[in-house]
Number of protein chains: 2
Amino acid sequence: MTQIHSMHTHTCNELRLEHIGQEVTLTGWVWRRRDHGGLIFVDLRDREGVTQISFDPEHSGGTAFHAAETIRSEWPIKVTGVVRERPEGQSNAKLATGEIEVLVSHIEVLNTSKTPPFQIEDHIEAGEDIRLRYRYLDIRRPKMMANLQMRSDFTFAIREALHKRAFMEVETPSLFKSTPEGARDFLVPSRIQPGHFYALPQSPQLLKQLLMIGGVERYYQVAKCFRDEDLRADRQPEFTQVDIEMSFVEQDDVMSALEDVLRDAFAKMGVELPCPLRRMQYWDAMDTYGTDKPDTRYGMELHDVTDIFTNSSFKLFAGAANTDGQYVKALNAKGAGTWPRAKIDKLAGVAAEFGAKGLAWIAFREDGSINSPIVKFFTDEEMAALRAEMDAQPGDLVMFAVADRLGADEILGGMRCHMADALDVPREGHDFLWVVNFPLFHWDEDRKAYAAEHQPFTLPDTDDLEAIKANPLAAGSCTYDFVMDGYEAGGGGMRIHNAQMQLAMLEMLGFTEEGAREQFGFLMDALEFGAPPMGGFALGLDRVCMLLAGCDSIREVMAFPKTSSGSDLMSDAPSAVSARQLKEVGLRME
Amino acid sequence: MTQIHSMHTHTCNELRLEHIGQEVTLTGWVWRRRDHGGLIFVDLRDREGVTQISFDPEHSGGTAFHAAETIRSEWPIKVTGVVRERPEGQSNAKLATGEIEVLVSHIEVLNTSKTPPFQIEDHIEAGEDIRLRYRYLDIRRPKMMANLQMRSDFTFAIREALHKRAFMEVETPSLFKSTPEGARDFLVPSRIQPGHFYALPQSPQLLKQLLMIGGVERYYQVAKCFRDEDLRADRQPEFTQVDIEMSFVEQDDVMSALEDVLRDAFAKMGVELPCPLRRMQYWDAMDTYGTDKPDTRYGMELHDVTDIFTNSSFKLFAGAANTDGQYVKALNAKGAGTWPRAKIDKLAGVAAEFGAKGLAWIAFREDGSINSPIVKFFTDEEMAALRAEMDAQPGDLVMFAVADRLGADEILGGMRCHMADALDVPREGHDFLWVVNFPLFHWDEDRKAYAAEHQPFTLPDTDDLEAIKANPLAAGSCTYDFVMDGYEAGGGGMRIHNAQMQLAMLEMLGFTEEGAREQFGFLMDALEFGAPPMGGFALGLDRVCMLLAGCDSIREVMAFPKTSSGSDLMSDAPSAVSARQLKEVGLRME
């Protein structure tokens with residue numbers, strides 16, 4: 001038993017029938033208070049739980065009872081008393097300490113409190129702004145406290161699993177060089193070298209590769225990362241990843257090591273990781289689920305129905321079926337076939353968000369009839385083939401996308417998620433898989449150039465540089481994303497450890513050799529000094545904790561998150577600084 | 001046994017006589033290579049150690065032997081072969097694997113390497129600049145790799161000790177509000193809110209206090225901290241502290257909990273912490289050792305000899321002895337009494353660095369004679385009393401400081417450290433103690449104001465605000481520094497949890513109420529909502545690791561440290577950024 005060093009002898013979640021008769025000291029906040037039958041009852045709350053304490057004028061003595069009359073919600077107090085069984089019929093089965101109470105003989109009021117701006121209860125109506133402004137009160141709510149505790153436990157479980165396997169924790173600098181890695185850097189002006197700037201790391205990617213070249217062999221770090229992006233609902237300017245890298249390894253070594261680590265860590269949270277994890281090829285995921293992060297707890301898979309319509313008189317489908325690279329794909333949303341027409345018509349707007357120009361659909365009504373703007377163009381054979389392929393039954397809604405492969409996948413992948421939510425498709429437990437072998441590049445229409453699908457440092461799945469150059473979009477990579485419950489919970493890949501290959505890749509991404517050396521010279525130098533084969537991974541800690549906590553937002557698993565405009569509402573950061581501070585770094589406002 | 005996921009079957013520090021006859025696969029870098037008697041011997045090095053591998057044309061086969069002829073220093077290779085005993089007389093007792101070698105049957109060259117700019121050996125002559133520029137090669141040196149491993153192990157040991165005791169790891173933001181805490185903030189301009197800035201935290205001090213108000217009760221974080229100070233030899237712009245805070249505690253609770261945690265963590269490194277740790281009052285430390293972070297592995301204590309000279313005809317001493325608040329203090333540097341006069345005279349320059357205007361001294365020569373510019377003014381009685389007080393023996397050098405209490409302490413405290421180094425006084429093992437009860441304030445002559453000795457949030461050791469105001473410099477505080485080997489390895493204190501007391505303290509530090517609310521309003525708001533008693537601690541991780549590694553500089557226990565001008569020589573950070581990047585945050589160069 002670890003010794004307690006605290007004002008209390010027990011936490012508020014510790015006392016049971018076996019403690020009856022013991023004198024104990026508890027500390028915590030006054031939560032709920034009831035005056036009843038000349039007695040005062042208080043629910044005392046600490047981090048761990050709640051214990052009922054009671055005061056009566058006779059046993060508590062006049063002083064304690066009098067003090068009890070003055071205490072109010074959220075006052076921190078320290079009480080000493082004897083544990084006793086609650087009277088018949090007053091025990092509370094919902095509370096771990098519900099069978100006992102503490103009859104207080106001595107109370108010390110540790111501080112007073114103003115009335116909080118919202119109730120310290122799990123179910124509150126308070127808006128998020130006021131919760132963030134008074135975050136120190138918000139985290140007193142049992143659910144928030146449990147989320148923070150869970151995050152701490154999970155983080156420790158991962159560290160423990162890594163430490164046990166001889167991974168070395170290495171701290172990499174937060175003040176580093178500005179290198180474009182997709183997102184915008186946060187800049188930090190230097191005072192000692194005016195006109196020069198550090199950047200906060202978007203990830204320790206290059207540094208961990210340098211550690212591998214340096215011989216660390218197995219590295220990890222729970223690393224704070226920074227991206228100055230326009231904040232969407234669930235993005236934060238700073239976030240945390242469990243960053244891992246290994247050397248003298250092949251891809252299967254890395255994936256197996258990661259499975260061992262993740263299995264151990266999730267097991268500590270009561271979640272079983274079915275190892276070896278399923279591996280799904282990137283294009284299989286895209287074609288079947290319309291996403292590279294499928295939630296496979298439900299089906300609603302995408303079907304390629306192009307061939308059915310080769311000779312169709314429905315020109316949209318036939319045109320696609322007779323054009324190279326164009327597809328007709330379909331999705332069966334079971335249960336939505338009963339929706340009224342007006343509700344179905346609104347789905348076109350949803351599909352548009354995923355890139356569709358319109359939405360063709362067929363509603364199979366419960367009474368056996370069919371409602372659809374397009375079936376009049378179909379032959380009986382086409383209809384029969386479609387019914388068979390889509391397993392269409394009364395009550396089903398089949399919808400179509402017509403586009404190139406990626407386009408059709410993305411439209412129906414988006415609709416699949418939307419329909420799962422709309423139909424409240426059950427998704428029990430957790431779902432884990434690897435999605436592997438991402439494309440090396442995608443085409444960036446804005447920049448009119450190839451862009452790295454994962455990273456500029458990712459190892460191609462072939463040494464044949466000429467083949468890659470001949471058809472860049474067909475090139476695969478040694479990559480693996482860890483998908484949990486339909487979220488990209490982590491991602492990794494093998495890295496290029498050959499200087500020439502790295503230069504060739506950067507050139508394919510539009511760098512001149514000079515530009516590549518200017519940005520990544522230190523990496524390319526390092527690759528010349530005996531870089532070993534290496535690969536690694538980064539787990540999105542915030543997101544995984546969000547999923548483990550069953551929350552909708554990563555803000556629910558962060559102590560002090562920022563708003564979507566990047567503000568900390570509690571401290572009012574970011575804020576203006578003094579002219580002197582600006583002058584010291586040689587800057588002024590535009 | 002944890003499963004290996006690697007190209008190798010064993011590390012280069014694993015094979016022993018018991019493995020003889022086994023076929024094994026090793027990976028690592030070619031370290032030293034010898035061609036001898038038609039055979040090729042290579043020391044193969046990985047993170048863990050070194051194994052000798054050998055190639056012979058007969059057993060290794062022509063292909064492997066031919067490949068072995070091409071390999072050069074720092075090429076990463078993978079070899080397979082059979083473990084055999086080294087021939088009679090060729091075993092190496094200094095090497096853990098020194099009794100065996102691996103006769104290679106297959107070799108795979110994983111990469112080539114240019115010739116490194118310096119030898120990968122522990123004892124190198126290379127300057128620090130080139131070591132930092134090629135840091136990825138520098139950390140291949142066994143000592144650097146051992147330092148990084150030790151840091152990882154110690155960090156994990158602390159986390160484990162904290163986790164076991166129900167401390168919750170909570171991540172606090174790195175993008176926070178600029179608040180003056182002594183040093184300059186690093187600023188981070190906001191793009192979404194131009195003209196506004198985040199600051200990187202100098203420490204999570206306020207945030208951890210808010211976590212206590214939020215009910216976390218036991219918090220820890222291995223926290224990156226940032227201070228934009230002019231870098232001295234051993235300061236870094238970013239450093240790491242193990243940050244700890246507890247609530248519902250008294251000072252002894254915190255100190256006992258810390259002792260438990262530190263004892264466990266140091267024990268994992270083979271270092272015994274003698275608990276309960278000695279506690280030394282701040283003024284005892286100052287008066288006896290002349291510093292608030294004494295190394296008590298050696299004596300050379302300071303003596304107050306003021307009273308001896310009350311009636312002295314040596315006016316300097318007598319003047320001090322007859323002036324309130326002035327002291328004559330002395331130090332006996334045993335062994336320096338034999339120094340030649342010229343060498344002794346140079347000590348005045350050293351003393352000047354610690355604030356002395358000159359240095360009076362008495363050299364007791366081995367032959368019984370005395371050499372000193374001042375003894376001619378002393379009476380026999382004064383001399384006898386001095387000899388007795390200072391235990392002066394032949395070979396001793398007694399030196400004096402005449403100043404106010406703090407001034408005399410600091411001069412002789414500095415001389416004590418200087419003389420210990422100059423005389424190479426043995427300091428075996430490690431030395432741990434608490435220094436407690438620091439003054440609440442010191443007088444800041446530059447600002448002409450009181451400044452917080454520890455922090456503006458530190459709890460005074462009395463509730464009597466009037467007494468504090470009447471004599472601020474006499475006020476004590478609930479503080480404790482963790483001193484290791486003469487370094488401040490950590491510091492902590494109890495915090496003010498009463499809003500009025502906090503405001504009063506800020507006012508004593510020169511804040512108006514308005515100014516205090518502007519800077520610390522969110523803290524003072526929070527204190528109004530039932531803040532519990534709290535206290536905490538921060539351990540300087542870099543410094544402790546430096547001491548555990550037996551190094552002189554924290555740079556030796558950091559993977560990627562910066563130079564004294566704040567540069568990363570490897571990546572060339574800080575660097576210029578594009579005009580677009582500046583424009584995005586609404587700034588331009590002065």
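Sequence lines set the chain letters: A, B, ... in the order given, protein chains first and strands last, and positions in each chain run from 1. As a basis for the values below, the full set of heavy atoms in this structure was taken, side chains included, without hydrogen atoms, waters or symmetry mates.
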- side-chain contact (heavy atoms from CB on, under 4.5 Å) filter on B:E48, not counting sequence neighbours, yields B:T11, B:N13, B:D46

- Query: With respect to chain B, which residue among A:V170, A:L200, A:V585 yields the maximal number of heavy-atom pairs within a distance under 4.5 Å?
  - Reply: A:L200

- Choice from B:E217, B:E74, B:R72 maximising heavy atom contacts with chain A below 4.5 Å: B:E217

- Message: Once rounded to the nearest 0.5 Å, what's the spacing between atom CE of B:M558 and atom OG1 of A:T172?
- Response: 10.5 Å

- Among A:D568, A:L175, A:V188, which has the most heavy-atom pairs under 4.5 Å with chain B? A:L175

- Counting heavy-atom pairs under 4.5 Å with chain A, the top scorer among B:P189, B:A531, B:S190 is B:A531

- Task: From the options A:E584, A:R191, A:Q581, select the one residue that forms a side chain to side chain contact (heavy atoms under 4.5 Å, CB included) with B:D228.
- Result: A:R191

- Query: Is it true that the side chains of B:D260 and A:H5 contain a donor and an acceptor less than 3.5 Å apart?
  - Reply: yes

- Taking the six-membered ring where the residue is Trp, are the ring centres of B:F248 and A:W29 under 6.0 Å apart? yes

- Cationic N near anionic O, under 4.0 Å, B:R159 to A:E169: yes

- With distance as the sole test, does B:Y198 use its side chain to make a donor-acceptor pair with the main-chain N or O of A:G566 at under 3.5 Å? yes

- Query: Is it the case that B:T240 and A:E171 place a side-chain donor and acceptor less than 3.5 Å from each other?
  - Reply: yes

- Mind checking what makes ring-ring contact (aromatic ring centres under 6.0 Å, His included) contact with A:F154, not counting sequence neighbours? A:F266

- How are the rings of B:F529 and A:Y134 set to each other: parallel, tilted or perpendicular (split at 30° and 60°)? perpendicular

